[in-house]
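Along the sequence shown, residues carry numbers from 1. Each ligand, and each atom within it, is numbered from 1 in the order the structure gives.
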Amino acid sequence: MSATRILLLGAPGAGKGTQAAMLIERMGIPHISTGDMLRQAVADGTEIGKKAKAVMDAGNLVSDDIVIGIAEERLSQPDAQKGFVLDGFPRTLAQAEALAATLDKLGTPLERCVAITVDTEAVVQRLLKRAEIEGRADDNEETIRERMRVYDEQTAPLLAFYEKNGILAKVDGMGTMEEVAQRCESALA
Ligand code: ADP
């Protein structure tokens, strides 16, 4: 049986959101994106949104406490009990450890971490193009480079964490959306 508790890991612009959308359509499980949830909180002007906005606009990470709180609340919803695709969480070792503790307690550990690997310069160009189309506040070149730096420093170490757990699968993220989707499916089989 294929995995249903899935984490997508990868640098900004690696295509996690795109692959998550294709996976959830195929598998009928929710897409849990802390980036989307935080952008919604900013748009709604909630307390969390107010705290997160400046940090996000600068390309830095929102505090572990806030993000762990919103992710765990989302994971406790009924629709997440049959599985989920996590995208953008965890992003730090502290978040990964908190998530592992929570899921272990529930007896529903992550089954697979799919790490989408890409060429940094190629994704910077992708994100600049997305900036023109979507106009996201954190898609300008300086912030994009900062997000890449933060990824290398804080999030890339999670590959070793999940490798040690025995659930890591690396997928080449360069190619068409369909090619990458095919590779993700194989990694989850
Ligand atoms: P990207 O497209 O760069 O991968 P996301 O949409 O996942 O970005 O997230 C956008 C921003 O939201 C991040 O740069 C960060 O400020 C904040 N954010 C999202 N998820 C997390 C997280 N797990 N921990 C800390 N900050 C987060």
Using side-chain hydrogen bond (donor to acceptor under 3.5 Å, both in side chains), reason through D36 and Q40 one step at a time and then give a plain yes or no.
CA-CA 6 Å; D36 286 350; Q40 188 62 49; over 6 Å; no

Which atom pair, heavy atoms only, marks the closest approach of I116 to G173?
CG2-CA, 3.5 Å

Name of the residue among L23, T4, V85 meeting side chain to side chain contact (heavy atoms under 4.5 Å, CB included) with L188
L23

Enumerate, atom names and distances included, each donor-acceptor pair closer than 3.5 Å involving a side-chain atom of residues 45-56, sequence neighbours excluded.
unit_1, atom_1, unit_2, atom_2, d
T46, OG1, A41, O, 3.4
T46, OG1, G49, N, 3.1
K53, NZ, D57, OD2, 2.6

Near ligand 1 (heavy atom, under 4.0 angstrom), the protein residues are P12, K16, T34, G35, L38, R39, M56, N60, L61, V62, V67, G88, F89, R91, Q95, R130, R136, D138, R147

Value rounded to 0.5 Å, distance of CG in L9 from CG in L86:
10.5 Å

Look only at the side chain of T143 and the backbone of D138, and say whether a donor-acceptor pair between them is shorter than 3.5 Å.
no

